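These notes are about the structure you will find just below.
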Amino acid sequence: MNFLKNKRKLKITFFVSIFLLITSFGSVYINSINIYEDFCLSIYQNNVDVSDEYKITGISFLNRKHELKYYNNSWNNKNWFFKQLLVEKTTKNNYDNIELHFKFNKSDSFILSIPDNEYFMVNSNHKNTSFLEKTNEIYPLSLKSIYDLILIITALTLIYLALKNQKQDKTFHLRMLKATRQIVFLAIISFGIYYRFSNPLDIILSHDYLGHIRPISKFLESASFDHHEWAYPYPIFAITIISIFKNINAICPIQHIISVLSMILFFIYLEKHFNKNKDNFTFQIVYTIAVSFVFYLLAFDGNFIFFEKTLHHEALIIPVSLSVAYVILRYLNNKSILNFSLSTIVLFLSCLLEYRFTVGFISVAFILLILQIKNTKKPKIKKVIINISISLITYLAVFLPEYYLINKYDKLANSFAYTEFVFSNAKAIQKIIEKGKYVDEYFDTTYFAPAIETTINDSKPFNKKILGYDFDYLKYSMIVPKLHTYITNDFKENGYLDSAYNYIKNNPNHTNYYNNYFKQWAYLIIQEEPVEVLKKTSKQFMEATIFNNVGYLGYPQEFQITNPTYEKYIQIKYLSNNYKFKTNKTYNLKLPTQRYLHIVSIILKILVFLSFIYLLLRIIKRKINYFLFFISLIVICTIIAISILHNFAILRYLQTILPFALILILFSITEITQNLTSKTKSFPHNKNS
């Protein structure tokens, strides 16, 4: 009887799952063909309103017709999903063979030349000029929708296999499951490659590109390498590619290839790593779903695809993250000197490839050193010295070149952390100045205080919701140029700011003043307004971990990119003349639309938070999983570092943490499943059943 009841429950669960997934797919498809949930449509002809001479009927996904109400010179739609709009003439007029101008309130206007038509259709992809056709055709599923359907069918198959009677041949099911998982992964990677390489492969100069392009162009032109704003590994990476291919645009496809290869290699490693659970069918089901979800986001997230097309170290965020996870796993599985050395140098190099992770990576490297000393058999002083020496040598090998380059070429970099901290605590500075305390009374009262007040009160700048002001606007537009001018006293306020920058850079006295100014402000902020600093840091931390104002996922769309000319920068002109950099070129990036992105981002935050809780419970029980601990440490330290020094209004800061967040979720889910299934197997069977 119990067996029959369980079988009935399995069937009910299965059909409920089918219903939910089909409903989800239906909502996804309706969303994909929707024009707008609510919109206004107006029709004009040569600036003459002809709206009242037409009738607009919306055709829904199920071919239901709904006539739109006309008022205020336009048709208004609310709470209806349409795939097409039927436009019909209601009166005879003299507007045959004319151009009608249609305008949606949420899109650009468009023009259609209409002969003597009685009706025509407005299709859902109305951003294209060809979307108006005299047709009544029902449009087929899009390629993306078909792909979604394949994933859903696969998920249904997995659920069905999971719920089937365990008396059947497990070996066959495991073989089918493994094959299904590999096919799904292949499909994910294939579509990820398609979206990467179907877009233009020219390199894009986006955020903070000058920090890389200046040392690159200087080396190519004069064979000397210096430091400007950013660390040395990425410029060396770019210089190597340009030197081989004699084309700066070769960087983009190579960055795509490196990211895709890193995903493939990490998947292969995971297959081997979890091979010990190959006979645990429930574990394999959960692992398959979890690993598909993780690589789906890595391969399809529009932010990662966009990063890989830019001349910036964040283009390597996926391979860097997966490499760090790989070397940590490799070391924990085999604590040899070789694996310890490999993991240490990868962690240190990764600090310079993605500097916001520095605190997390160095913390992990330090704990790895302690583990290595602890796990060395018969810990003699000699072996302790060897392990410490390995860490020290790898640290110096990575960071000494950076230290040398900064001290020779870019001494302003010494104040970078202090500068970021100061400008992210403008409200604390405002309170300190009101108390009558300053670092430089004339500059602070004449420039700093008014600039802070203007920036905070300004309602125009975007991304003010966390700090309450635009960080970049205050720093780069309001203060830093004025401070350069104030220090040099040789350039007019609206004059040659770049020259002023170089003047400060090459004059030790002025450099010291610039650095000390922000160092003194940082110390003063901590001394005078620690509560304000704590409030700001806590707010940013909460936004990044619990609240949904800042998400792991952005909102990828069709980007319009214009590679700038910036002829005043000699570096751009040199690369354009010699290494095929294309200036003044406009093109579109069509990135995959991830539906319900906001909801998925909230789910990710919840899963990361639950992973932290699970790890904490394991630590309390003294059954710590060191890999989960290290990944959690990287994520938490990075979020705290950004909360203190930077600003989560720059969304990519949290988006770059996504690979580690996904790895944390994957390994937490798999360990929980493994523990639950092992406990279930240990329970004695009920003889009555």
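Remember, it's a predicted structure, so these values are computed and weren't measured experimentally.
In this structure, CD1 in I390 is found 9.5 Å from CG in L338, a value given to the nearest 0.5 Å. Here CG of L322 is found 9.5 Å from CD1 of I317. Values are rounded to the nearest 0.5 Å. Summarising the geometry, atom CG belonging to L261 is positioned 12.0 Å from atom CD1 belonging to I318; distances are rounded to the nearest 0.5 Å. Summarising the geometry, atom CD1 belonging to I602 is positioned 12.5 Å from atom CZ belonging to F547; distances are rounded to the nearest 0.5 Å. To the nearest 0.5 angstrom, M263 atom CE is 10.0 Å from I188 atom CD1. Once rounded to the nearest 0.5 Å, the distance linking CD1 of I657 with CG of L662 reads 12.0 Å.
For E529, the side-chain hydrogen bond (donor to acceptor under 3.5 Å, both in side chains) partners two or more places apart in sequence, or in a different chain, are K435. Listed by chain and number, the residues in a side-chain hydrogen bond (donor to acceptor under 3.5 Å, both in side chains) with Q540 amount to none (sequence neighbours excluded). Y403 pairs by the side-chain hydrogen bond (donor to acceptor under 3.5 Å, both in side chains) definition with nothing, not counting sequence neighbours. With sequence neighbours left out, the salt bridge (Lys or Arg N to Asp or Glu O under 4.0 Å) criterion links K536 to no other residue. When the salt bridge (Lys or Arg N to Asp or Glu O under 4.0 Å) test is applied to R356, the partners found at least two apart in sequence or on another chain are E314, E354. F518 pairs by the ring-ring contact (aromatic ring centres under 6.0 Å, His included) definition with F423, Y514, not counting sequence neighbours. With sequence neighbours excluded, the residues satisfying side-chain hydrogen bond (donor to acceptor under 3.5 Å, both in side chains) with H212 are H313. By the side-chain contact (heavy atoms from CB on, under 4.5 Å) test, I672 pairs with Y614, L676, sequence neighbours left out. With sequence neighbours excluded, the residues satisfying salt bridge (Lys or Arg N to Asp or Glu O under 4.0 Å) with K475 are E420. Partners of E671 under the salt bridge (Lys or Arg N to Asp or Glu O under 4.0 Å) rule, at least two apart in sequence or in another chain, are R618.
Using a 4.5 Å cut-off on side-chain heavy atoms (C-beta onward), T511 and L412 make contact. Within the 4.5 Å cutoff, no side-chain heavy atoms of N333 are placed close to those of N339. Inter-residue side-chain proximity for P592 and I305 is flagged as met; some heavy-atom pair is nearer than 4.5 Å. Looking only at side-chain heavy atoms (C-beta outward), P659 and F304 come within less than 4.5 Å of each other. Residues L615 and I619 are in side-chain contact: their nearest non-hydrogen atoms beyond the backbone lie under 4.5 Å apart. Contact check for I665 versus V608: side-chain heavy atoms found under the 4.5 Å cut-off. In this structure, V320 and L349 have side chains that are not in contact, with every pair of non-hydrogen atoms separated by 4.5 Å or more. Looking only at side-chain heavy atoms (C-beta outward), Y296 and V184 stay at 4.5 Å or farther from each other.
Annotation for V291 and R181: closest pair CG1-CD, 3.9 Å, computed over non-hydrogen atoms. Heavy atoms only, all atoms of each residue included: S424 and L467 are closest at O-CD2, 3.7 Å. Nearest heavy atoms, I432 versus I525: CD1-CA, 3.7 Å. Between L369 and N387, the shortest heavy-atom contact is CD1-O, 3.5 Å. The minimum heavy-atom distance linking L352 with A231 is given by the pair O-CB, 3.4 Å. Between K605 and G551, the shortest heavy-atom contact is CE-CA, 4.4 Å.
A parallel orientation is assigned to the rings of F283 and Y287, their planes being inclined by less than 30° (bins at 30° and 60°). Note on ring orientation: taking the six-membered ring where Trp is involved, the planes of Y195 and F300 are perpendicular (angle over 60°, cut-offs 30° and 60°). Taking the six-membered ring where tryptophan is involved, the planes of F357 and F660 are tilted, since the angle between them lies from 30° to 60°. Classification of the F185-F267 ring pair by plane angle, with boundaries at 30° and 60°, yields parallel.
Between the side chain of S601 and the backbone N or O of Y552, at least one donor-acceptor pair lies under 3.5 Å. In this structure, the side chain of R196 does not engage the main chain of I257 through any donor-acceptor pair within 3.5 Å. A donor-acceptor pair under 3.5 Å is absent between the side-chain atoms of T537 and the main chain of L534, judged by distance alone. Judged by distance alone, with hydrogens and angles left aside, the side-chain atoms of T310 form a donor-acceptor pair with the main-chain N or O of F307 at under 3.5 Å. In this structure a side-chain-to-backbone donor-acceptor pair under 3.5 Å is present from N414 to K411. Panel note: side chain Y418, backbone N515; no donor-acceptor pair is recorded below 3.5 Å. In this structure, N303 contributes its side chain and R652 its backbone to no donor-acceptor pair below 3.5 Å. Remark: side-chain polar atoms of N334 are not paired, donor with acceptor, to backbone N or O of R330 under 3.5 angstrom. When atom types are taken as modelled, the side chain of Y331 and the backbone of Q372 share a donor-acceptor pair closer than 3.5 angstrom.
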Would you give me the side-chain donor-acceptor pairs under 3.5 Å for residues 626-638, sequence neighbours excluded?
unit_1 : atom_1 : unit_2 : atom_2 : d
S632   : OG     : L628   : O      : 2.8
T638   : OG1    : I634   : O      : 2.5

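Sorted by first and then second residue, the side chain to side chain donor-acceptor pair (under 3.5 Å) pairs involving residues 390-400 (not counting sequence neighbours) form an empty list.
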Apply ring-ring contact (aromatic ring centres under 6.0 Å, His included) to F274 and F667, showing your working.
CA-CA 10 Å; F274 290 114; F667 277 81; 5.4 Å; yes
Under the side-chain contact (heavy atoms from CB on, under 4.5 Å) criterion, do K539 and K535 qualify, and how do the steps go?
CA-CA 6 Å; K539 182 180 178 182; K535 282 169 58 179; over 6 Å; no
Y232 and F225: CA distance, side-chain angles, deciding distance, ring-ring contact (aromatic ring centres under 6.0 Å, His included) verdict
CA-CA 9 Å; Y232 69 88; F225 189 88; 7.2 Å; no
Can L298 and F266 be said to form a side-chain contact (heavy atoms from CB on, under 4.5 Å), step by step?
CA-CA 12 Å; L298 288 176; F266 195 70; over 6 Å; no
